[in-house]
Trainee: 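I have a structure I would like to understand better, so I am pasting it below and will then ask my questions one at a time.
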Amino acid sequence: MSLSTFFVLVVSGLSGAAILFLIGAGLTLVFGALRVINLAHGTLYMLGAFFAVSIAARLTGPAGFWIAMLAAAAAVGGAGGLIEVAILRRLYRRDHLMQLLATFSLILVIGGIVRVAFGADYHRADAPDYLSGSLSIGSSTVSAYQLFLIGVAIAVAITLWLTIYRTDLGRLIRAAVADPELLALSGVNVPVLFTGVFVIGATLAGLGGASIAAYQTVKLGIDADIVVQAFAVTIIGGLGSLGGALIGAVIVGLVQSFGTYWEPKWQLAFIFLVMAVVLAVRPSGLFGEPER
Amino acid sequence: MQHATRTDHGSARPSKVVGLSAMALALLAAACGSSSSSGGAGSGGSVTVAMNTTLSGSFASFGLANQNAVRLAVDQINGSGGLLGKQVKLEIKDDSAKPDVATELTRTEILDDHIVALFGGVSSSAALAEQTVIAKYKVPFFLHTSNTDQLTVKKFNKYTFSVVPNTGMEGRANAITAAKLPYSRYYLIGPDYEFGHSQLTAFKTKLQELKPDVTIVGEDYPKLGATDFSSFITKIQAANPEIVYSAEFAGDLITFLTQAKSAGLVGKDTSPKLIGLFDVDTLRNLGSGAPNGAFAYGRAPFFAIKTAKMDTFVSAFKAQYNVAPSDWAVMAYDAVNLWAEGVKKAGTFDAEKVADALSGTTFDSVRGQLTIRAIDHQLNCSEYEGVLAADTKVGFSTFSATAVSLNGNDLLLTPDQVTAARSSG
């Protein structure tokens with residue numbers, strides 16, 4: 001393999017990791033604070049992609065792409081808030097099985113709504129010209145869009161880190177992860193905090209979906225694909241750990257990129273091979289702690 | 001999603017959460033099997049026919065085109081007094097491109113709704129599954145979009161009819177065109193299921209026969225519905241072909257082209273040439289983003305077919321649906337009318353008699369006077385090819401200016417080849 005091919009595969013792998021991180025971060029954040037395994041998290045990603053495509057189609061001009069992306073993420077965040085207040089809030093004291101059933105039914109309900117609202121056909125959006133081509137870096141030709149995806153993920157990672165470790169909100173979220181009952185006793189409105197955390201998670205999923213809307217066709221079913229991968233990423237990193245989601249995403253992204261290059265027939269298996277190896281060594285994932 | 005259960009094996013000592021996640025994945029896998037259904041049995045002055053096609057996912061644009069065309073054809077039949085005095089009731093169901101779903105739908109339609117004809121769908125894998133069921137219960141079966149040549153060659157039965165150029169015909173047609181081009185280093189890419197493998201094999205075999213000095217520098221089969229082609233694109237770039245031959249289509253083709261452009265594989269002066277399956281819907285979707293200059297092939301593009309019947313059909317279709325019909329609409333429309341022709345000829349809806357009446361018959365299709373061969377019930381329809389260019393008359397890129405039709409008679413296997421293939425097991 002030439003050095004330039006190697007470099008291109010690294011960029012591809014990191015761009016895949018970028019999307020997986022956006023999805024996985026929300027998934028793991030919601031699990032960490034709310035202790036809910038949200039199966040419908042991938043469906044929020046799909047919703048973001050559909051929103052972005054349909055908003056972009058109504059906008060013209062160079063800023064349309066960016067406005068569509070941010071508006072779609074915000075809209076999914078709003079939808080997430082509604083879902084938390086209307087449904088999830090009732091499930092925190094139930095066991096995981098009830099949560100799985102409820103969030104699973106959300107997949108079907110939202111999927112049905114998307115089918116009615118957007119149709120079953122595939123959709124596409126155009127990226128701005130400066131993002132749709134390739135760039136030469138040294139002897140390599142890399143995708144501008146992949147660099148953009150990596151940039152989005154880095155920006156999100158920094159923002160999340162600052163929010164969690166440098167703000168009052170972040171301190172509350174960390175406290176909720178550590179001991180929600182003590183937090184409630186100290187006068188904090190935990191339900192509102194939980195809604196806020198879920199909105200953040202949903203916004204990240206929506207942003208992930210909106211980010212890929214101009215890089216692949218958007219269609220029903222992309223949620224099932226991505227949520228399986230995002231679960232694998234968070235399990236590898238350790239459910240509840242943001243740093244784990246980041247490392248897990250990078251590992252999975254790179255393994256898929258190089259693995260598919262070397263042996264395409266195995267492309268579906270790589271992610272589970274990684275998961276098997278990690279769980280064999282650390283049953284709670286790389287940065288996970290055993291279940292409370 | 002067969003891989004979902006592997007999480008169970010993945011964990012040596014799964015924690016509760018991991019176990020639940022595995023259950024979650026299994027639930028997700030189960031979701032893929034759901035389907036809608038509707039009633040409607042033939043009685044009194046009506047008969048029921050059904051179409052199982054794909055109305056969601058990568059294939060949805062094909063299935064929706066099938067649906068619109070079949071509805072139009074059935075409405076026209078009913079509007080002109082029905083068939084043998086009976087109105088035709090139509091059931092359309094979503095097979096989700098899954099063989100197991102298609103099997104179940106077909107069985108229900110035959111046993112509960114007593115259908116007198118079944119129209120196929122998009123997926124070749126689903127069609128192969130349906131073919132087994134219709135053979136058992138003896139129901140005429142019309143293929144218009146799914147096209148693996150197994151359906152008419154090895155797995156042939158007398159109730160199956162194909163009005164779409166099959167994978168063998170399509171692959172050979174493309175090889176005939178490709179052999180005339182001045183390129184010899186090929187990279188092949190196609191979706192990883194029955195159609196992709198079957199069509200690429202036909203192309204490769206015929207190309208190597210016509211032009212022995214070609215080199216296949218690589219061959220890949222990304223999964224159907226793939227969302228990330230980047231590693232494949234890097235592989236293609238590293239192999240440095242002169243031309244890329246693709247059997248990707250619809251949503252997958254658009255994703256592939258978007259990412260190929262992004263990686264610099266498409267759209268540069270130094271880029272390899274491209275041969276690809278460009279149906280009317282995909283071209284419409286690509287709009288100004290179509291890779292003009294690419295060699296395109298299609299199965300029934302309205303802009304390349306000059307018949308009076310096509311003009312009438314395009315007008316009727318546009319009046320009903322406000323868009324020009326795609327290839328998948330043209331062929332599905334032909335399929336219904338072929339069945340109607342068989343019923344009229346036989347004077348009955350009886351499967352044996354309809355099948356006998358259609359075998360060897362010449363039929364006035366939207367694509368001209370074409371014949372259903374007796375040996376494999378394959379219509380001798382053409383494959384259409386040309387170079388993509390902006391087309392102001394149609395409103396998106398087409399290959400109307402350079403379109404050629406490769407006569408189906410030159411693409412079909414000879415009767416001896418069919419017999420040989422069948423006896424080779």
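Lettering of chains follows the sequences in order, A, B, ..., and the numbering in each one begins at 1.
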Trainee: Looking at A:Lys219 and B:Asp252, does any basic side-chain N land under 4.0 Å from a carboxylate oxygen?
Mentor: yes
Trainee: Just checking A:Tyr92: does its OH atom have more than 12 heavy atoms from other residues, nucleotides or ligands closer to it than 6.0 angstrom?
Mentor: yes
Trainee: So which bits of residues 283-291 of chain B come within less than 4.5 Å of chain A, counting non-hydrogen atoms only?
Mentor: B:Asn285, B:Leu286
Trainee: What's the spacing between B:Leu55 CG and A:Leu220 CG if we round to 0.5 Å?
Mentor: 11.0 Å
Trainee: Is A:Thr260 close to chain B through its backbone or its side chain, or both, or neither, when contacts mean heavy atoms under 4.5 Å?
Mentor: both
Trainee: Using non-hydrogen atoms only, which part of A:Leu135 is less than 4.5 Å away from chain B: side chain, backbone, both, or neither?
Mentor: neither
Trainee: Rounded to the nearest 0.5 Å, what separation is found between the CG atom of B:Asp220 and the NZ atom of A:Lys265?
Mentor: 8.5 Å
Trainee: Against chain B, work out which of A:Ala127, A:Gly288, A:Ser143 has the most heavy-atom pairs shorter than 4.5 Å and name it.
Mentor: A:Ser143
Trainee: Taking every non-hydrogen pair under 4.5 Å, which of A:Asp121, A:Asp126, A:Val274, A:Val278 racks up the most with chain B?
Mentor: A:Asp121
Trainee: Top residue by heavy-atom pair count (under 4.5 Å) with chain B, among A:Gln256, A:His123, A:Gln267?
Mentor: A:Gln267
Trainee: Is a side-chain donor or acceptor of B:Gln259 paired with a backbone partner of A:Tyr215 at a separation under 3.5 angstrom?
Mentor: yes
Trainee: Please report the closest heavy-atom contact between B:Thr258 and A:Ala214, naming both atoms and the distance.
Mentor: CG2-O, 3.5 Å
Trainee: Select one option (side chain, backbone, both, neither) describing which atoms of A:Gln99 are under 4.5 Å from chain B's heavy atoms.
Mentor: neither
Trainee: What's the separation between atom CG in B:Asp228 and atom CD in A:Gln229, rounded to the nearest 0.5 Å?
Mentor: 8.5 Å
Trainee: With a 3.5 Å distance limit and no angle check, can you tell me whether B:Ser231 reaches the backbone of A:Ser257 through a side-chain donor-acceptor pair?
Mentor: yes
Trainee: Less than 4.5 Å apart, any side-chain heavy atom of B:Lys268 and any of A:Ser134?
Mentor: yes
Trainee: To the nearest 0.5 Å, what is the distance between OG1 on B:Thr227 and CD1 on A:Ile19?
Mentor: 10.0 Å
Trainee: Does NZ belonging to B:Lys235 count more than 12 external heavy atoms closer than 6.0 Å?
Mentor: yes
Trainee: Heavy atoms only, distances under 4.5 angstrom: which of B:Ser61, B:Pro222, B:Ser262 has the most pairs with chain A? Name it, please.
Mentor: B:Ser262
Trainee: Does atom NZ of B:Lys318 have more than 12 heavy-atom neighbours, drawn from other residues, nucleotides or ligands, at distances under 6.0 Å?
Mentor: no
Trainee: Hey, does B:Thr282 have a side-chain heavy atom less than 4.5 Å from the side chain of A:Tyr122?
Mentor: yes
Trainee: Once rounded to the nearest 0.5 Å, what's the spacing between atom OG of B:Ser230 and atom CD of A:Gln146?
Mentor: 5.0 Å
Trainee: Just so I know, are the side chains of B:Tyr221 and A:Pro264 near enough to count as touching, which here means a heavy-atom distance under 4.5 Å?
Mentor: no
Trainee: Evaluate the side-chain proximity of B:Lys223 to A:Asp225: yes if any heavy-atom separation is below 4.5 Å, no if none is.
Mentor: yes
Trainee: As an exercise: rank A:Gly259, A:Gly221, A:Ser132 by heavy-atom pairs under 4.5 Å with chain B and give me the winner.
Mentor: A:Ser132
Trainee: Picking from B:Ala226, B:Gly225, B:Gly264, B:Ala250, which has the most non-hydrogen pairs under 4.5 angstrom with chain A?
Mentor: B:Ala250
Trainee: For a side chain to side chain contact (heavy atoms under 4.5 Å, CB included) with B:Thr234, tell me which candidate from A:Val11, A:Leu9, A:Val142 qualifies.
Mentor: A:Leu9
Trainee: For chain A, find which of B:Ile233, B:Ile254, B:Leu265 contributes the most heavy-atom pairs closer than 4.5 angstrom.
Mentor: B:Ile254
Trainee: Does B:Thr255 use its side chain to pair, donor to acceptor, with the backbone of A:Gln216 at less than 3.5 Å?
Mentor: no
Trainee: Please walk me through it: do B:Lys261 and A:Tyr145 pass side chain to side chain contact (heavy atoms under 4.5 Å, CB included)?
Mentor: CA-CA 10 Å; B:Lys261 186 182 173 203; A:Tyr145 206 90; over 6 Å; no
Trainee: Quick one: pull up OG1 in A:Thr217 and CZ in B:Phe256 and give me the separation to the nearest 0.5 Å.
Mentor: 13.0 Å
